[in-house]
Structure formats: structure tokens, C-alpha cells
Amino acid sequence: MQLNSDKVLRGAGRAPHRSLFYALGLTEEEISRPLIGVCSAFSEIVPGHVHLDKIAEAVKAGIRMAGGTPILFPSIGICDGIAMGHAGMRYSLASRELIADSVESMAMAHCFDGLVLIPNCDKIVPGMLMGAARINIPSIVVSGGPMLAGRTDGGEAMTLSSVFEAVGAHKAKLIDGAELTRIEKKSCPGCGSCSGMFTANSMNCLCEAVGIALPGNGTIPAVSSRRIQLAKKAGMNIMNLVKNNIKPRDILTEAAFKNALTTDMALGCSSNSILHLLAIAHEAGVELNLEDINKISESTPNLCHLSPAGPSPIEELDAAGGVAAVMAELKKRGLINLELTTASGKTVGENIAESVNKNTKIIRPIENPYSQTGGLAVLYGNLAPEGCVVKRSAVAPEMLVNSGKARVFNGEGEAIDAIFSGEIRPGDVVVIRYEGPKGAPGMPEMLSPTSALAGMGLDKAVALITDGRFSGATRGAAIGHVSPEAAEGGAIALIREGDIISINIPEYSINLEISDDELARRREDWRRPEPKIKSGWLERYSRLVSSSRYGAVLK
């Protein structure tokens, strides 16, 4: 069969190209086989990626077993936890676009016949998948897998969010310094993506649900031998995809995204999953919008309350049957399209045919869900005419409908100072603005303020809204992605201290309780602020990035 790599390997005119492959130590036999790019985000700064060299070796072994030649190349990757709470977080979401561009660049320049993508953490998963969808050559994702949870002396699970919340508890003098140190040393016991249903694990589960990764990708722990076996199988499966010319856009269809969104609602995934699914769909040429999300949420029960919505880490979902078991529950009500092509070479239905729910405390039966609606919701109103997103499954029941007095801060730092100094009271609505895609720039995550509120016992009494984002580890009435953002003159820029904000999550509404005339007067008085960043990559990003409504993709 004709291969993409023929462009650099076949014919007399390609002798110079072949000489460079020989310079790599490759043999004639190796360059006669399909060339498979293996994109690994291995580094020594990201706990979720520090073991990806082992995953890559397993992938390469699988490719060779199935008759291909693996070619390893790197990707950058930012640890959101380390980047949190300082200027480094501006680079996190922006790095997704760099990763997509680098996958495109490496694959197109070197004429790979297929790609195996090895990400693990938050922006790396969607970034790689965006690049693969854009260039549309046979591709499969195999992640590095989740970290095991830390454990208290009593055996209760601890995750990274436990440490962030402990900071708030320490500030409130609820725990002492010795207890804070004990928590920080026990919560993250080894390699892997942070162990709750945070953004990284959400996206790795959704890669499985959308069909671009093999069953088990979302939940098999990083330290399990099954993770190495999965990597080998991914290496073997890419050869089948190349042979049959099955490309990302054959898998990433509109129906497949609806499967992913349905599974997202049942799992209670991170609110960031919406941002990333919109961006991946954009690259795949699929029209997906926020309105679709509420429609799917209305018909999809929420079956899982994993950390941060509940106490269970991701490893317990794996033991209960994983993503496939969740999809099998959804199948009972006809909510999953079973006929779709997947990277396994089988249909969705075939992938989940043998799956059973092994623990109804972790995965509730569809007849007895946590709620009849999904884990995420998009709210609209005069405060967010283009929408904003909340992880409904992580909101306390008493906060689903509430109103309160606005406490307005022009940046995360100001808000954290006010929270830690005790200025925020029950009933307040904390507003953090100018943290959107353009305004920050980079739409930083707000785990520090939300965790501080939770650690201080205010997560069931204080709402927080922002044009920035939240970590998947966030819990409480945390409403992000407010669009239009403040830097674009959105209504969030017009809120004044003491204004009343009304939130009704079951009715999908969020409103600033002032008249249209008053809102118009304030808009006339508003002036666009000076950009925070005036040079470098982020300056270019701030000029090119679109609204979070569209996934914050570059124009």
C-alpha cells in the first residue's frame, strides 16, 4: 500500500532523505516498514509525566511487534499544580496550542504514517489530540495513567486538592503547621496524573469515551503492569489503523463527541473538559456548542461522585469497571451510540459488551443516580450572555440556588489576600475578573481561592465566579468561563462592589440584579485596560485567542 512516508523514503530522488534515516542508525528493513511517530511528553518536572519514558518504550515494542518502525519525538508539558497561583499559570492553557502546533509540525515535516500520542496531564492531552485531528493521519492516544491516592492514617484517600484545602484550613487556624506538613508529604505518593476526577483524568477518560484511546486508558493506575500492557496494545493497534487508513476524523465524529459529553455528564468530569472538547471538535471539523451541553446534561444522570465531588479517587473507578462500566450503565437507557468506529478496531458496543458495574457505590446504577441531570451545566443570563460553566455535581445542594453580595477583585491575587485575611463572609459572591483568555492572558485556573474557601469551611456558603477557569480539583459553587470576558467588555467587567448576583443552577441562569439601563450606562463608562503582557509568546496569544465559548482556540 502507498504510505505517507513514501514521500521521504521511496525513489532515487529521495536518496538524500534515506541517508539521514541511516544516520539515525535505522536499517533498510526498518525504513521499509511504516514509520510511526511516538510523541511523548516525558519530563522530569511533571509527576504525571516522569514515567512516560517507560510508556513510550512499551509503545515502541508494540509497534515493532506489529511490523512498524517507531520514531520517538518529544512534546512540552506544564504541571498545572506547580504553575498554580503565580504568573506561570498564564502559560498553561496557552501551551495547549503550542503542543497542537508541534504535533502538526513534526508529523508533517517528517511524513509519519501514523502517530501514537503519549500525554497525561491537563493541556497535553487535548493539545496532542487537537494536532492529530488537524493533520488527520492515523492516530491513537495512550496516557500515562492516574497517580494512586495518598492515605491518611485512618485509610481515607488524599489527593492534591487535599493539600490546597489544607492551606486554607491552616490559614483559618483549623490545623497547625505540623498537620499541614504531614498532609503535603502524604497526598501525592508517586507518579501519575493527580488522583481525582480532575482535568487530566477527565480528559483521559473522555479519550476512551470518544473512541480515540483503548478501553482502560482513563483509569488504569500509572504504576500498574496493565498500563504497560495497554501501551503495548496501543502500539500494535496503530498498525491496524494505518493498514485500514482509519484516521482521527473517522473516529472523532459528531456522534462520538456526543458519546463523550454523555459520559462526561455521568462521570462528573472537570469543567475544563468543556473547553477542551470544544477545541478538539473545532480541529476535527465538528460543530459543537455550549447549547448542546445542556441538552445532553438534561437527559444524562450523574452516576459518579469521585474526588473532588466525593471521597473516592480514580483508582476506585478502575476497580469498579472503569469508563466502560459507566458507558454500559448509560447503554441501558439508550444514551450511548454503540455503532461508532474506535481506535481499538472494534465498535463502541463491542468495546463495552463485557463490561459490568462491579461496585454500585462508586458507579451508581442508572436507576439510582446521584441526580437525574449531568455533572456539568452551562449558565446564561445578563452576567454571561454567551455562557459560563459550573461543575454541578461538586456543588452543595444548598448552593444550587442562591444570591449574594458581590465582592469584586481584578485578579486572583487580590481575591486570595481577601479570603486569607477573613474579609469574605457567608453569603458573599466572590468575583474574580480580568483572568480570561485575553485578559490574563491565558485564562488561569483558580484552585487556590476555591481551595482556600473549602479549607476554611466556606464552600457551602460562598459562591465564586470568574472569567478564568477552575482546576478539576475545585469543588463548591465555582462558576467559570464567564463569557464575554472582562477584557472584552463583558458584563463581568461592570459589576460593582455590593451588587446582588443571583445564581440558579437547576434553571441554568446567572444574573446581575441591575436594570438594563444601568448596565448600559456602566458599559459606556468602561474603558479597556492596558494589556498585562506586552511582549513574547503570551502577547501574541492574547491577540489571537478566541472566547472560551469557542474553546479558547486561536483565530
Side-chain angles (χ1 to χ4, degrees), residues 33-42 48-49 51-72 112-120 125 128-129 132 137-146 191-193 201 203-248 250-252 256 314-315 317-319 321-328 340-355:
R33 300 168 183 163
L35 295 184
I36 308 299
V38 178
C39 182
S40 170
F42 166 77
H49 291 186
H51 64 303
L52 294 189
D53 54 338
K54 310 298 190 299
I55 303 295
E57 287 304 315
V59 166
K60 290 163 67 178
I63 292 169
R64 291 191 184 103
M65 283 190 284
T69 297
I71 307 288
L72 182 67
F112 293 128
D113 298 306
L115 290 173
V116 181
L117 306 169
I118 310 176
N120 209 27
V125 181
M128 287 188 181
L129 197 45
I137 66 172
S139 302
I140 190 170
V141 172
V142 57
S143 76
C191 66
S193 48
N201 290 329
M203 293 310 301
N204 286 324
C205 287
L206 295 180
C207 282
E208 188 177 334
V210 83
I212 200 70
L214 299 179
N217 181 74
T219 60
I220 296 173
V223 296
S224 172
S225 62
R226 290 189 294 133
R227 178 60 57 176
I228 298 297
Q229 293 164 359
L230 185 75
K232 290 177 180 176
K233 289 178 181 177
M236 290 186 276
N237 270 83
I238 189 61
M239 299 308 299
N240 179 60
L241 296 175
V242 170
K243 178 182 178 181
N244 292 293
N245 198 31
I246 299 173
K247 300 175 182 179
D250 298 319
I251 296 170
L252 300 174
I314 199 84
E315 65 206 61
L317 176 61
D318 185 64
V323 175
V326 174
M327 296 178 75
L340 306 180
T341 299
T342 74
S344 71
K346 301 176 182 179
T347 65
V348 171
E350 290 170 329
N351 281 345
I352 67 173
E354 304 300 319
S355 298

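Since this is a predicted model, take the numbers as computed values, not measurements.
- The neighbour count for Lys60 NZ, taken as heavy atoms of other residues, nucleotides or ligands under 6.0 Å away, is above 12.
- Separation of atoms OG (Ser40) and CG (Leu117) is listed at 10.5 Å; rounding is to 0.5 Å.
- The shortest non-hydrogen separation linking Val116 to Ala234 is CG2-O, 4.4 Å.
- With 3.5 Å as the limit, one finds a donor-acceptor pair spanning the side chains of Asn351 and Ser344.
- Between atom CG of residue Leu72 and atom CZ of residue Phe42 there is a gap of 10.0 Å, rounded to the nearest 0.5 Å.
- In terms of modelled atom types and a separation under 3.5 Å, the side chain of Asn204 and the main chain of Gly145 share no donor-acceptor contact.
- Between Ile137 and Ser139, the shortest heavy-atom contact is O-OG, 2.7 Å.
- For the pair Ser143 (side chain) and Asn217 (backbone), a donor-acceptor distance under 3.5 Å is present.
- For the pair Asp318/Arg226, a side-chain contact is recorded, criterion being any heavy-atom separation below 4.5 Å from C-beta on.
- To the nearest 0.5 Å, atom CG of residue Asn240 and atom NZ of residue Lys346 are 11.0 Å apart.
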Kindly determine whether Met327 and Ser355 satisfy side chain to side chain contact (heavy atoms under 4.5 Å, CB included), including the steps that lead there. CA-CA 9 Å; Met327 296 178 75; Ser355 298; over 6 Å; no
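- A donor-acceptor pair is defined here as one N or O able to donate and one able to accept, closer than 3.5 Å; no such pair exists between the side chain of Thr347 and the backbone of Thr341.
- Considering all non-hydrogen atoms of both residues, Ile118 and Leu52 come closest at O-CD1, 3.6 Å.
- Interatomic distance, OG1 of Thr69 versus CD1 of Ile36, reported as 8.5 Å (0.5 Å rounding).
- Smallest separation of non-hydrogen atoms from Ile314 and Pro146: CG2-CB, 3.1 Å.
- Under 4.0 Å is where a charged nitrogen must lie from a carboxylate oxygen, and between Lys54 and Glu57 no such pair does.
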Stepwise side chain to side chain contact (heavy atoms under 4.5 Å, CB included) test for Asn201 and Leu317: CA-CA 11 Å; Asn201 290 329; Leu317 176 61; over 6 Å; no
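- In this structure, Arg227 contributes its side chain and Ala222 its backbone to no donor-acceptor pair below 3.5 Å.
- Between the His51 side chain and the Gly144 main chain, a donor and an acceptor come within less than 3.5 Å of each other.
- Note that OG1 of Thr219 and CD of Glu315 are 11.0 Å apart. Values are rounded to the nearest 0.5 Å.
- Put simply, the side chain of Pro215 does not reach to within 4.5 Å of the side chain of Ile352, judged on heavy atoms.
- Annotation: the span from Ile212 atom CD1 to Thr342 atom OG1 amounts to 9.0 Å, rounded to 0.5 Å.
- Closest non-hydrogen pair, Glu208 versus Leu214, comes out as CG-O, 3.7 Å.
- Scanning all heavy atoms of the two residues, the minimum distance from Ala231 to Val142 falls at CA-CG2, 3.9 Å.
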